Every structure is written in C-alpha cells, then in structure tokens.
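Take a look at the structure below.
The residues of the chain are indexed from 1 along the displayed sequence. Fair warning: this is a prediction, and the values are worked out from it, not measured in the lab.
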Amino acid sequence: MWRLNGASGRAEKVSIKSDGWEDVRIGTDAVFNGLHFVDPSVGWIVGGSPFVDGGVVGRTEDGGRTWRYVTGVTRGGRTAGLSAVHGFDRMRACAVGGGVFLTFDGGTSWQRAQAAPGAHSLIALDFLDGNEG
C-alpha cells in the first residue's frame, strides 16, 4: 500500500507486518501523482519536482524497496510533471502529463506518442489491454 506523507509531500510505501506498519523511504523529494504495479515486484511511479525539468519516473523491480529514477521525460520545464502511469510489464509503460509518453526499454528513454487533441491535459489513464487505453 502507498500513502502520501502530508508533512513532506513524499510518497511512502507502507507494508503490513504482523507487528504493525513499516515505512519504506523511496529516496527522492519529488512529489508523485501516479503509481502502477504490474506484478508484486515491478512497479512504476510518476510525478515531478521543482528541482528537475520535465517530470520524474521511477521503476522498481523489488516491490518498492529500491527505485531507479529518470527525469526530463516531458522536456517541458520544471513545472511539467507527470500525472499518471500504466505499466504493461517491466519494460513497457505509458505516462501522461503535458502529453502522452511511452517507454519500451524499462524507462531509460521516453517518446511522445501520437495522441488525440486535448491529450496534453490528461491527468489519468487506464488500459483494457496492451493496445487499448
């Protein structure tokens, strides 16, 4: 389960243990708006930070214990964060915020997708399968 820490604005992973809850720090001051896990290990998280240009994307392969981050996805300046993400597997994901962006290499590089007019203002997304969203 994930929660947003109101004091710091950081997303924190909270896991249930037999003796209570445990916070797992994710190692960034970015503010995250979207999260999607494709299985118990692989997850994607998106957001932004006033300290980096073009949004922030994180990917985990160990259930959220560690994250690898990429910035500059939207190339839209420091106010251009990402709003939502849908991961298809450990290599492919789609993110929105200032446009629609796709990765096919585990988040190392992102490309702007051809999208319908108005797609630059999307704040959420959902997919029926690997082709329809």
Side-chain angles (χ1 to χ4, degrees):
M1 172 186 283
W2 290 85
R3 73 167 181 218
L4 184 63
N5 182 324
S8 68
R10 295 181 188 154
E12 299 175 338
K13 182 179 180 196
V14 180
S15 56
I16 299 174
K17 290 190 163 191
S18 59
D19 61 345
W21 295 87
E22 177 186 352
D23 290 346
V24 177
R25 308 283 179 215
I26 60 174
T28 180
D29 287 332
V31 175
F32 290 101
N33 305 309
L35 170 74
H36 186 256
F37 270 78
V38 299
D39 62 37
S41 297
V42 177
W44 299 84
I45 191 167
V46 295
S49 169
F51 306 108
V52 299
D53 291 335
V56 178
V57 176
R59 184 172 66 103
T60 183
E61 291 191 357
D62 60 9
R65 290 186 235 15
T66 60
W67 293 85
R68 182 180 59 85
Y69 298 102
V70 174
T71 61
V73 173
T74 69
R75 297 179 187 91
R78 293 192 177 184
T79 61
L82 294 161
S83 302
V85 64
H86 182 95
F88 301 102
D89 53 40
R90 71 181 348 113
M91 300 304 285
R92 302 176 305 129
C94 178
V96 296
V100 178
F101 302 90
L102 301 167
T103 184
F104 300 96
D105 60 6
T108 300
S109 64
W110 291 81
Q111 62 189 24
R112 185 178 291 269
Q114 292 281 340
H120 65 279
S121 60
L122 290 173
I123 58 171
L125 77 157
D126 193 22
F127 279 81
L128 300 172
D129 57 34
N131 297 313
E132 282 189 83

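- Phe104 CZ to Cys94 SG: the interatomic distance, rounded to the nearest 0.5 Å, is 9.0 Å.
- Under a 3.5 Å cut-off, the side chain of Arg90 and the backbone N or O of Glu61 do not form any donor-acceptor pair.
- Residues Leu122 and Ser83 have side chains not in contact (no heavy-atom distance under 4.5 Å, counting atoms from C-beta outward).
- Here the CG-CH2 distance, from Asp89 to Trp44, works out to 8.0 Å after rounding to the nearest 0.5 Å.
- Around atom CG of Leu102, more than 12 heavy atoms belonging to other residues, nucleotides or ligands sit under 6.0 Å away.
- Of the possible polar contacts, one joining the His36 side chain to the Gly87 backbone as a donor-acceptor pair under 3.5 Å is found.
- Counting only distance, with no hydrogens or angles, the side chain of Arg68 and the backbone of Gly106 share a donor-acceptor pair below 3.5 Å.
- To the nearest 0.5 Å, atom CD1 of residue Ile45 and atom OH of residue Tyr69 are 6.5 Å apart.
- The backbone N or O of Gly55 sits nowhere less than 3.5 Å from a side-chain atom of Thr71 that would complete a donor-acceptor pair.
- Within the 4.5 Å cutoff, the side chain of Met91 has no heavy atoms near those of the Val38 side chain.
- At a threshold of 4.5 Å between non-hydrogen side-chain atoms, the residues Val56 and Phe32 count as touching.
- We find the CZ-OG1 distance between Phe88 and Thr103 to be 11.0 Å, quoted to the nearest 0.5 Å.
- Using cut-offs of 30° and 60° for the angle between ring planes, the Phe37 and Trp67 rings count as perpendicular.
- Of the possible donor and acceptor atoms, one in the side chain of Thr60 sits under 3.5 Å from a partner among the backbone N and O of Thr66.
- In summary, of the residues considered (Leu82, Val46, Val57), a side-chain contact (heavy atoms from CB on, under 4.5 Å) with Phe101 occurs for Leu82 alone.
- In the hydrophobic cluster analysis, where Ile, Leu, Val, Met, Phe, Trp and Tyr join through side-chain heavy atoms closer than 4.5 angstrom, Val96 is grouped together with Phe127.
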